[in-house]
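The block underneath contains the structure these notes are about, expressed in structure tokens.
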Amino acid sequence: MADNRGHEKEYTSTDPVGGVNSTNTSEPVATEPLQSVVSDSDSSSNPAGKHERPLADRTLTTTTTRSSITVGPPEDGPLTKKPWYRSLNPLKRRIPPPIPKERIVSREYTAGLLSKLTWQWMAPLMHKGYQRPLELNDIWLVNPDREAGLLAKRLGASFKRRAANGDRYPLLWAIHETLHSEFWIGGFCCLGANILQVIAPFTLRYLISFANQAYDAQKTNRPPPNIGRGIGLVLAITLMQMFSSFGTNHYIYRGQMVGAQARGVLITLIFEKAMKLSGRAKAGGKALDDHQQQKEGQELLEVKESLLKRLINKKLSPPGGPKVTPDKAQGISGDGAGWANGKIVNLMSVDTYRIDQASGMFHLLWASPVAILITLVVLLVNLSYSALAGFALLVIGIPLLTKAIKTLFVRRRAINKITDQRVSLTQEVLQSVRFVKYFGWETSFLERIRQIRKKEVRSIQFLLAIRNAINAVSMSLPIFASMLSFITYSLSRHPLDPAPIFSSLALFNSLRLPLNLLPLVIGQVIDAWASIGRVQEFLLAEEQDDDFKWDMESKNAISMETADFTWERTVTEDSNKSGPQTKKQVKAARNAEKVDKAAIKTGNSSTGADSASTLTHTEPFKLLGLDFTIGRSELIAVIGGVGSGKSSLLAALAGDMRRTNGQIMMGASRAFCPQYAWIQNATVRDNIIFGKEYERSWYDKVVDACALRPDLDMLPHGDMTEIGERGITVSGGQKQRLNIARAIYFDSDIILMDDPLSAVDAHVGRHIFDNAICGLLVNKCRILATHQLHVLNRCDRIIWMEEGKIERIDTFDNLITHNEAFQKMMASTAQEVKQEDEVDDDDAEEDKKDAKKRKVSKRGAALMQQEERAVRSVPWSVYDAYIKASGTILNGPLVILLLICSQGANIATSLWLSYWTSNRFGYTAGVYIGTYAALGVAQALLMFAFSVSLSVLGTNSSKVMLHNAMTRVLRAPMSFFDTTPLGRITNRFSKDVDTMDNNLTDSIRMYFFTLAMIISVFTLVIVFFHYFAIALGPLFLVFLFSAAYYRASAREIKRHESVLRSGVFSRFGEAISGVSSIRAYGLVDRFVSGIREEVDQMNSAYYLTFSNQRWLSVRLDTIGNLLVFTTGILVVTSRFNVSPSIAGLVLSYILSIVQMIQFTVRQLAEVENAMNATERLHYYGTELDEEPPLHLTDVPPAWPQKGEIVFNEVQMRYRDGLPLVLQGLTMSIAGGERIGVVGRTGAGKSSIMSTLFRLVELSGGSISIDGINIATVGLKDLRTRLAIIPQDPTLFRGTIRSNLDPFHEHTDLELWSALRQSDLIDAEAKLDGKSHGRIHLDAIVEEEGLNFSLGQRQLMALARALVRNAQIIVCDEATSSVDMETDQKIQRTIATGFRGKTLLCIAHRLKTIINYDRICVMDQGRIIELDTPLKLWEEGGIFRSMCDRSAIRREDFEEMKLE
């Protein structure tokens, strides 16, 4: 391990229990940054770990073990010695304060008035943060008055009431109603501060006049004015500045708190809505009949009122009801874009953040114009009518600026759409990253993301250029206005008296900050307005109606009367024709938009549902005429072919489909076990109990009935082991059994099970059927959709589905006796042979032995990595990387040079004015005026050049860094995805990138600009008043100390907030993907309260970031005001020897920089916070572990020709420190041979596939294909030459064409042929026709392919493998979710379509592989048996016992051979 002592940068754990209790069970080990997880097994395998800990301090990550661990800051380690100069600091204690045992409520809740006015209640936390890095337990809990739950109730109720009343902007007014008191306190503080900021410069006139009189008196030997008058004026100005600074601080704090509270509440409301959103709204439709009664004002209510009431309402809120997006397609209601998960996540992350940002300085919108008017009055007093010339410029300039800002609004909306596309695509790729790697598609998807990103960055750069031009003009407006006024004043024969001139200059300068901030605030408010519109539209979308009748006393559990159900009409664009639009297409699109705003744009657009492109719509799948009743303890089987409507029937009962006709009555509570198990990133126990109370005896029964006991014994923590996100760390069979266990544990009276036995081995399936479905659930109503026909004779009745209709409902005996079609179907599957109820004793014993062998004796680490969190300031290396990413390191000095020139021109302009007023050079008025104007123009141009160069280079950097991070993440090994929550990665690619794109360059610009201003003013003062340097020295030191003191805690609080925010993202994203399960179990409220808790956790740190900014501001403003006081006193005492024009210049400038001082420190913190986003992205772009290269040596284009595979002593473990899952596997497969791989769950079957595709590198041994060791072949070369039909069929949003051939490498004919071969369409179907149901090349595929049944998705995965036409094909339980008939079709396709190719097939259904060339039986990572099927059967080993369990006889081998 490298010695990293030189690094300033450290990372520490954010474990909530970190450092609270110390036990010896778990010692975190410092790791190299590339290592992705640290577990106990790691530390035990590295005896030197403890000695190395203090040395390698770059990244200290720990996992979320349930045992408490101690993580002290690394500098407290025994080997670290403080440098001598650090010991001199009296405020740094030798022993840092201890970490509290538990978190306390925010001190703001109990603080007194004075403490609240000065933010003194923050002092204990600031002090602690200065002593040592803050831990999570140091961060106070959220103030109870500001809890998300409390505010959400208020806002939700107000919103519903206003929406029901038909308000135009219900969300805006609901937010106002909820937070109005704090909002308006801030508003009045803002107005007061702004008025004082005008009066202080006006009072300056009298101070300069006093100095002028004294100066003249000295020259003419008259008696000078009394010094007391001068000191009184200085005190008055200082006091006004102090009150002004208090007002400013309080209005900013209130504004920020209102924003943060609004953001927290909106996140919870968006989440609540996402839990209730109807399928129709999600697909982008709405009810065609607007006059039907809608629930809680979800649709516009047409309220028939009296004329008078209508008139009053019209005034109070404009007519038209809530604004929503217009319909985009004829005959279809709704905009067709819908609310995909990625879009909802974007609402939660980006839109709520924009609303939050805008409320910070919102009051400037109305308070600034008031202050500007007062300034005008004062200027008229100072300069008489000459002031109107300058003001005329402002009056003309500001509307023009506002018009320019409106163009930003339009552009921002366009950029939002592109960002949505990028985030949605990124999220989809990351969710299916394993699959993307299997197919070697990383580079192709990266290219697609790069194309969208290129378009996004180009749009952002254009937007920022306009914004910078507006900024430069608005910053220069006061200069040009003052110029015009002074020139007019001079030309209208007024003497240039320093008192009115410099008082006016100070007034014009005081306009600079509001005018500089106004465009920024307007821009933010416009962004927020668009966001409020989006959020409002989402909150007004249709909700899922629970239109079931619930009658708990009914004798039946379920009763349906002629009920029809439908999935939603898919109105979606052909969103996968990637590549930017051509100029012609853009022009055509623009013309179309002009003709009709709702018209459809033509042309190729990049991926994403929002892109303007050709709209198509397909008829959704429907269930028609359902008429049946089910008793309270019946077991009903639902059977039928792929796509016949089995899953749809269960979804209808679970409330996921929309009822369009008839009645449905439910007589009991329900639990739903979907086909696609939704597993949470939580412990195994939490996944099973799913919010219920933990009852030990019932829990144990459920675990045993679902055959989970051996699995739990294998896990390092038993049932307290954490499962990866989306169940990524458990096998398909384990997922399905957890799914069943959850449904049983929930103890509902109706259990809906969608083919839960498909993903488990035959004997496990029988165990579950006997002990769970017919055991624990025996007295419940059970509805089981299944392809396992051998269980039908044990069901009370059978529902046979065909094309969305019920073909027959009858008992097994009646069907087998009287129905020919049913007899045929049953003949195709082996009849169950009567066997003993239990598995052989030998097998049971063997299972126990296995479990004991695999049981890890000590507690392993939890799986999910805690997010790394930097503990020192952002290192220079990140700034360096940021500058280099813009193109070259020289860009940094170039920007600084432009800044110096611009600032130089600014000071020169004012100095020239002072020379002019004192007529220092004796030039004519024309020369003075000409030079003055030229300097002003130069300053504006240089400022624009500085801003534009900064934003262009900044966005280039963010483009490069995102590309690097995205590349590195997609090239990261699978272990990274197993241990990192998806929400955390998405957070970096959405929120952090948004910060870099839109906020970082603004923060840098403001920081540099104000810093340059302060330095130049101080220099100016010291040149004329040397004694000022004496006051400046100590005050500057206090200033530096305050800044350091503040940044120590500010940085840590911000980082805790970033990490806690990731928690919100993870919880939010995970729950949204499991909406149907959460709804079916009726647990929406529990998940909503969970997200509220997460939001409060995030806000506990987020609110503190504002209060510690204000703590600093109040103290720095005091220093600034002392500088004003000092300068004022110096002017008074030097009144005889310093020219009044210079005194006026210095005073006018020192007033303008008081606020700039604290603004600069705050901007520095903003820059650092924004750079934190850069650092997080940079970490992903440089520090993540990488897979081996995509290309190594050249491989022959036709490789592999034969498809011969040789496994030689292969050993493999998933991560360092974990046990081997393949132990010395040796096997030789001839080219064109078909091998079936069987074995119990966890025997290592899927691990063979992982090694073949090199998803996990070997720990020992080698694999060769056609004589070439695959370790010497680049990953892309290897993976693109193999094909896989995975267990979980992954589909991407788009069309069937884009899923079969995402990168346009094949002809339509090839794709059509693959669809036909995989039996998705009939042999007669024509390529151009669309008569064959929903399956054609342009058919829409929704997110994750959820508009197709699992069986259809598996057939599409087969078609994809056929299209690839590889020599080696791997099937990973590819037919687990299809019926026997379809399975046989697939096997025929595999036999014909893959003839002459090497085939490796993992199978649960032994019957499908008994005609293969050889069978490989796996157990505990070793090959136990390997021979021809018949020979293994005759030898009577494990394979024979498996065949016996599946009722396979010798004749079956002969039959299959004949076939």
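Only this structure's heavy atoms are used, side chains among them; waters, hydrogens and symmetry mates stay out. Just so we're clear, the structure is a prediction, and the values are computed from it rather than from any experiment.
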(message) Quick check for you: to the nearest 0.5 Å, what is the distance between Q524 atom CD and Q357 atom CD?
(response) 5.5 Å
(message) Strictly below 4.0 Å, N to O, side chains only: are E542 and R658 in salt-bridge contact?
(response) no
(request) Report the C-alpha distance between S531 and D351 in whole Å, list the side-chain angles of each, state the deciding distance to 0.1 Å, and finish with yes or no for side-chain hydrogen bond (donor to acceptor under 3.5 Å, both in side chains). (result) CA-CA 5 Å; S531 291; D351 288 301; 2.7 Å; yes
(request) Please report the C-alpha distance between S158 and E177 in whole Å, then the side-chain angles of each, then the deciding distance to 0.1 Å, and finally whether the side-chain hydrogen bond (donor to acceptor under 3.5 Å, both in side chains) criterion is met. (result) CA-CA 7 Å; S158 172; E177 188 182 321; 2.9 Å; yes
(message) Regarding R422 and E456, does a basic nitrogen lie under 4.0 Å from an acidic carboxylate oxygen?
(response) yes
(message) Would you call the rings of Y251 and H363 parallel, tilted or perpendicular, taking 30° and 60° as the class edges?
(response) perpendicular
(request) Give a yes/no verdict on a cation-pi contact between R254 and F1106, requiring under 6.0 Å between NZ or CZ and the six-membered ring centre and an angle within 45° of the axis. (result) no
(request) Compare all side-chain heavy atoms of L463 with those of L408 and state whether any distance is below 4.5 angstrom. (result) yes
(request) State yes or no: are the ring centers of W119 and Y253 separated by less than 6.0 Å? (result) yes
(message) Quick check against the 3.5 Å criterion: does K160 have a side-chain atom that pairs as donor or acceptor with the backbone of L155?
(response) no
Let me check something: any side-chain donor-acceptor pairs from residues 1079-1086 under 3.5 Å, sequence neighbours excluded? List them with distances.
unit_1, atom_1, unit_2, atom_2, d
R1079, NE, M275, O, 2.6
R1079, NH2, M275, O, 3.3
R1079, NH2, L277, O, 2.3
Y1081, OH, F672, O, 3.0
Y1081, OH, A743, N, 3.3

(request) Assess whether atom NZ of K549 is packed by more than 12 heavy atoms of other residues, nucleotides or ligands within 6.0 Å. (result) no
(message) Which residue is it: T178, L171, L172? I am looking for the one with a side chain to side chain contact (heavy atoms under 4.5 Å, CB included) to I175.
(response) L171
(message) Within this structure, what is the CZ-CD1 distance for the pair F1087 and I1078, rounded to the nearest 0.5 Å?
(response) 4.0 Å
(message) Using 0.5 Å steps for rounding, measure from the CZ atom of R1067 to the CD1 atom of I1072.
(response) 13.0 Å
(message) Just verifying a value: how many Å separate N998 CG and I460 CD1, rounded to the nearest 0.5 Å?
(response) 5.0 Å
(request) Would you please test K991 and T995 for side-chain hydrogen bond (donor to acceptor under 3.5 Å, both in side chains) and show each step? (result) CA-CA 6 Å; K991 178 71 188 61; T995 302; 3.0 Å; yes
(message) Restricting to non-hydrogen atoms, name the atom on L1060 and the atom on M1098 that form the minimum distance, rounded to 0.1 Å.
(response) CB-CA, 3.8 Å
(message) Can you give me the closest heavy-atom contact between N249 and S1113, atom names plus distance?
(response) OD1-CB, 3.0 Å
(request) Look up atom OG in S1089 and atom CD in E1094, then write down how far apart they are to the nearest 0.5 Å. (result) 11.0 Å
(message) Are I344 and F1068 packed together at the side-chain level, in the sense that at least one heavy-atom pair is separated by less than 4.5 angstrom?
(response) yes
(message) Between N194 and A371 (side chain of the first, backbone of the second, donor and acceptor by atom type, cut-off under 3.5 Å), is there such a pair?
(response) no
(message) Quick check on the 6.0 Å ring-centre criterion: do F362 and F183 meet it?
(response) yes
(message) Looking at S1077 and W678, would you say the former's side chain and the latter's main chain have a donor-acceptor pair under 3.5 Å?
(response) no
(message) Check whether K276 reaches the backbone of E543 with its side chain - one donor and one acceptor, N or O, closer than 3.5 Å.
(response) no
(message) Keeping S106 on the side-chain end and Y109 on the backbone end, is there a donor-acceptor pair under 3.5 Å?
(response) no
(request) Answer yes or no: is there a donor N or O on one side and an acceptor on the other, between the side chain of T1105 and the main chain of K1054, under 3.5 Å? (result) no
(message) Run the side-chain contact (heavy atoms from CB on, under 4.5 Å) test on R1092 and E272 for me, step by step, so that the C-alpha distance in whole Å, both residues' side-chain angles and the decisive distance to 0.1 Å come before the verdict.
(response) CA-CA 10 Å; R1092 282 179 183 168; E272 274 181 65; 2.9 Å; yes
(request) Compute the ring centroids of Y169 and W529, then answer whether they are less than 6.0 Å apart. (result) yes
(message) Please check this pair: side chain of Q536 against backbone of I532, looking for a donor-acceptor N/O pair closer than 3.5 Å.
(response) no
(request) State plainly whether the residues D527 and R413 are in salt-bridge range, i.e. N to O under 4.0 Å. (result) no
(message) Under a 3.5 Å threshold, yes or no: a donor from one side chain and an acceptor from the other, between R354 and N416?
(response) yes
(request) Let me see the working for Y1103 and N1108 under side-chain hydrogen bond (donor to acceptor under 3.5 Å, both in side chains), right down to the final yes or no. (result) CA-CA 9 Å; Y1103 293 161; N1108 78 349; over 6 Å; no
(request) Verify the distance criterion only: is there a donor paired with an acceptor across the side chains of S1100 and R103 at less than 3.5 Å? (result) yes
(request) Give the minimum heavy-atom separation between L269 and G156, together with the two atoms involved. (result) CD2-CA, 4.2 Å
(message) Is any side-chain heavy atom of S424 closer than 4.5 Å to one of Q421?
(response) no
(request) Using a 4.5 Å cut-off on heavy atoms from C-beta on, say whether the side chain of S990 contacts that of F1065. (result) yes
(request) Determine, for R467 against D1002, whether the closest basic-nitrogen to carboxylate-oxygen distance falls under 4.0 angstrom. (result) yes
(request) Specify the closest pair of heavy atoms between S1076 and D656, including all atoms of both residues, with the distance to one decimal. (result) CB-OD2, 2.8 Å
(message) On a heavy-atom basis, which atom in A1101 and which in I1053 lie closest, and how many Å separate them?
(response) O-CG2, 3.1 Å
(message) Run R534 and D420 through salt bridge (Lys or Arg N to Asp or Glu O under 4.0 Å) and show every step you take.
(response) CA-CA 12 Å; R534 275 157 62 106; D420 276 355; 3.3 Å; yes
(request) State the CG-CG distance between N1099 and L141, to the nearest 0.5 angstrom. (result) 12.0 Å
(request) Taking only Lys NZ, Arg NE, NH1 and NH2, and the carboxylate oxygens of Asp or Glu, determine whether E182 and R146 approach each other closer than 4.0 Å. (result) yes
(request) Using the six-membered ring wherever Trp is involved, compare the ring planes of W184 and W366 and label them parallel, tilted or perpendicular (cut-offs 30° and 60°). (result) tilted
(message) For E1342, is there any backbone N or O sitting under 3.5 Å from a side-chain donor or acceptor partner on R1293?
(response) no
